[in-house]
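Each residue takes its place number in the sequence, starting with 1.
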Amino acid sequence: MKLKNIDLLTLLISLFALSSCNNPDGIGLDIEPDILLNSSIVDSSTVFTKLIKEDSVASNYTERSVLAYMKDDEFGETTSNIVFALTLPSSNVSFGTNPILDSAVLVMSYSSSSPLYGDSLKYKVNVNQLNETLYSATKQKVFYTNKEWNVNAAIVGSKEFFPAYNDSLNINLYGHQDSIVKIAPQLRIPLNNQFVVDNILSLDSATLSTSQLFANHFKGLRLSIDKISAPANGGAISLDTYTEGASRLEIYYRYTNSEDKQDTTSISFPIAGSSGTAATEVKWENTGTPARTTLDNPAKNHEKLYLKGLAGTKIKVEFPYLDSLKRLGKNLAINRAELIFTAEEPQQTSLTPLSALRIYSWDLAHQPALIPDENPSDARYLGAGYVGGVYNSTKKIYVINVTGYIQDLFRKKHPNYGTYITTYDFYGRTGRLNAPGRSVLLGGASSSPDKVKLKIYYSDLK
């Protein structure tokens, strides 16, 4: 069968005139040869896209917490702080007789994947104490990114650092100053000694008997990026607060032993984010920016799409002329369908396009649902990672395989309650903060030939 390339809008206006296509798979994912040999192509520019403000998302029980300050002309200013509770290493903690503090270090481990987005220059992090209790031993609350936490204004620790997440550290072994040990990459923030003495080391045995009683007194801590000293565009640093003990407070102190001599020891108070005791607080100031202007415009079809992570924005996608495909044949078979977005490369900024896009549909209850192509219970399931959506930095595009989904919409197998593009995996709590970045995409109202497209490979089975 001869290969054809048809713009769907031109198809409607010009009685579906066909023209040849010499390179049908030039911008798509890898296409099976049988599909190329036995298909015609509709290369459609008729896709409606609208930018929508994302709802706040659950910010605890996530596999990472995000420390960020980002600023650019298109999106504005994003601040992301980390709040967390410390838990006791065991019940009935005792510091022994006459404890004397030497130092206290807040250890924050980097996330195992993509821990940095944006500038790798020097940052400064500040630590404040919470004025409200985060931890609950009976029923841990779910917190959302838009919650503003009440904190004490006093800074109890700070650190200037480069986010060297690939570099191991050499530290002196406590109590053995001549011994140096190599440890995994981590951010180590010294806390004010008097603050630790007053709020931890001097506590009575009752307060140190359970994590709940300790949390009622100590409340928790907040980490924030110092805006004044942040790099020009800033960035986002992802820390592992999920794995219990990966991030923690380490206290090094001396005490009087049974022989009436001073001994050295240490104790760790872990952060147990998997139990919901760490959360991310996000603020987005976008007044006067192109992103805000687009969000405030009620148009059905936007020219540019300012897609942003950290509960920023999402995109609603519509395919208004799918029914017109029926004019191409009486027994049309859709062999493959690709939704293609082109990204604008940011100018003079380290805030590069998102590494991937995610797609979902709304179900009857207006809840996110997997499309057939990535639903393991559907016979057309492609397998993990085969839907695509990964950014191609050479071609500056995202290609999402939506074959099964478009087949269902074309056949009206179920009503179309909505199709959305977002930055995160919507079907679980843990990954919702995994993509703190942003992308500027060409929408359906763009006059550019690179605007969003739906590309369909089809056959007329006759």
Considering only heavy atoms from C-beta outward, does the side chain of Leu86 approach that of Tyr135 to under 4.5 Å? no

Using atom types as modelled and distance alone, determine if a side-chain donor or acceptor of Glu148 lies under 3.5 Å from a backbone N or O of Val282. no

According to the interplanar angle, ranging from 0 to 90°, do the rings of Phe218 and Phe195 count as parallel (below 30°), tilted (30 to 60°) or perpendicular (above 60°)? tilted

Look up atom OG1 in Thr145 and atom CD in Glu54, then write down how far apart they are to the nearest 0.5 Å. 8.5 Å

Check: Thr241 and Met108 side chains under 4.5 Å, non-hydrogen atoms: yes

Heavy-atom nearest pair, Ile200 first then Leu249, reads CD1-CD2, 3.6 Å

Testing the basics here: between Gly444 and Thr49, what is the closest heavy-atom pair and its distance to 0.1 Å? N-OG1, 2.7 Å

Within a strict 4.5 Å, meaning less than it, do heavy atoms of the Leu221 and Phe84 side chains meet? yes

Write down the atom of Leu51, the atom of Ala291, and the distance for their closest heavy-atom approach. CD2-O, 4.2 Å

Working note: Asp240 + Thr243, criterion side-chain hydrogen bond (donor to acceptor under 3.5 Å, both in side chains); need CA distance, chi angles, decisive distance, verdict. CA-CA 6 Å; Asp240 181 6; Thr243 307; 3.1 Å; yes

I'd like to know whether Ile421 forms a side-chain contact (heavy atoms from CB on, under 4.5 Å) with Leu339, so could you lay out the CA-CA distance, the side-chain angles of the two residues, the decisive distance to 0.1 Å, and finally the verdict. CA-CA 11 Å; Ile421 302 296; Leu339 184 59; 4.1 Å; yes

I'd like to check Tyr306 versus Arg438 (side-chain heavy atoms, cut-off strictly below 4.5 Å). Are they in contact? no

Asn416 side chain vs Gly418 backbone, donor-acceptor pair below 3.5 Å: yes

Charged N to carboxylate O below 4.0 Å: is that the case for Asp425 and Arg358? yes

Would you say that Arg222 contacts Leu130 through its side chain, given a criterion of any heavy-atom pair below 4.5 Å between the two side chains? yes

Do the non-hydrogen side-chain atoms of Leu441 and Ile315 ever get within less than 4.5 Å of each other? yes

Between Gln407 and Tyr405, is any side-chain donor less than 3.5 angstrom from a side-chain acceptor? no

Please name the pair of heavy atoms, one in Tyr69 and one in Lys71, separated by the smallest distance, quoted to 0.1 Å. OH-CD, 3.5 Å

Under 3.5 Å, is there a donor on one side chain and an acceptor on the other for Ser113 and Arg64? yes

Criterion side-chain contact (heavy atoms from CB on, under 4.5 Å) against Met70, the qualifying member of Thr79, Asn233, Leu310: Leu310

Determine, for Asp408 against Arg380, whether the closest basic-nitrogen to carboxylate-oxygen distance falls under 4.0 angstrom. yes

salt_bridge(Lys396, Asp450) N-O dist < 4.0 Å: no

Are Phe269 and Phe214 close enough, and set up right, to give a ring pair (Phe, Tyr, Trp, His ring centres under 6.0 Å), and what steps lead you there? CA-CA 11 Å; Phe269 290 72; Phe214 172 69; 5.5 Å; yes

Judged by modelled atom types alone, do Ser224 and Asn126 share a side-chain donor-acceptor pair under 3.5 Å? no

Considering all heavy atoms of both residues, which atom of Tyr117 and which atom of Thr352 are nearest to each other, and what is their separation? OH-O, 2.6 Å

Do the side chain of Asp363 and the main chain of His366 share a donor and acceptor less than 3.5 angstrom apart? yes

If you define the side chain from C-beta out and look only at heavy atoms, does anything of Ile189 sit under 4.5 Å from Val105? no

Pair Glu63-Asn434, side-chain donor/acceptor within less than 3.5 Å: yes

Is Glu338 salt-bridged to Lys453, going by a charged N under 4.0 Å from an acidic O? no

Is it the case that Lys314 places NZ or CZ above or below the six-membered ring of Tyr420, under 6.0 angstrom from the centre and within 45 degrees of the axis? yes

Quick check, are the ring centers of Tyr398 and Phe341 under 6.0 angstrom apart? no

Under 3.5 Å, side chain of Arg432 to main-chain N/O of Thr430, donor-acceptor pair present? no

Hydrogens and angles aside, do Tyr242 and Ser111 bring a side-chain donor and acceptor to less than 3.5 Å of each other? no

Considering only NZ, NE, NH1 and NH2 on the basic side and carboxylate oxygens on the acidic side, decide whether Lys283 and Glu77 come within less than 4.0 Å. no

Is any side-chain heavy atom of Val440 closer than 4.5 Å to a side-chain heavy atom of Glu74? yes

Please answer whether the main-chain N or O of Ser136 pairs with a side-chain N or O of Gln140 as donor and acceptor at a distance below 3.5 Å. yes

Please check if the side chain of Trp284 supplies one atom and the backbone of Phe75 the other of a donor-acceptor pair under 3.5 Å. yes

Check ion pair Glu303-Lys451 (N to O, under 4.0 angstrom): no

Please determine, by modelled atom types, if Asp226 and Ser229 share a side-chain donor-acceptor pair under 3.5 angstrom. yes

Would you call Lys124-Glu160 a salt bridge at under 4.0 Å N-O? no

Ignoring hydrogens, what is the shortest heavy-atom contact between Asp73 and Pro290? Give both atom names and the distance. O-CD, 3.4 Å

Assess whether side-chain contact (heavy atoms from CB on, under 4.5 Å) is satisfied between Ile406 and Leu322, documenting all intermediate values. CA-CA 9 Å; Ile406 295 299; Leu322 279 182; 4.2 Å; yes

Salt bridge between Lys300 and Glu318, side-chain N to carboxylate O under 4.0 Å? yes

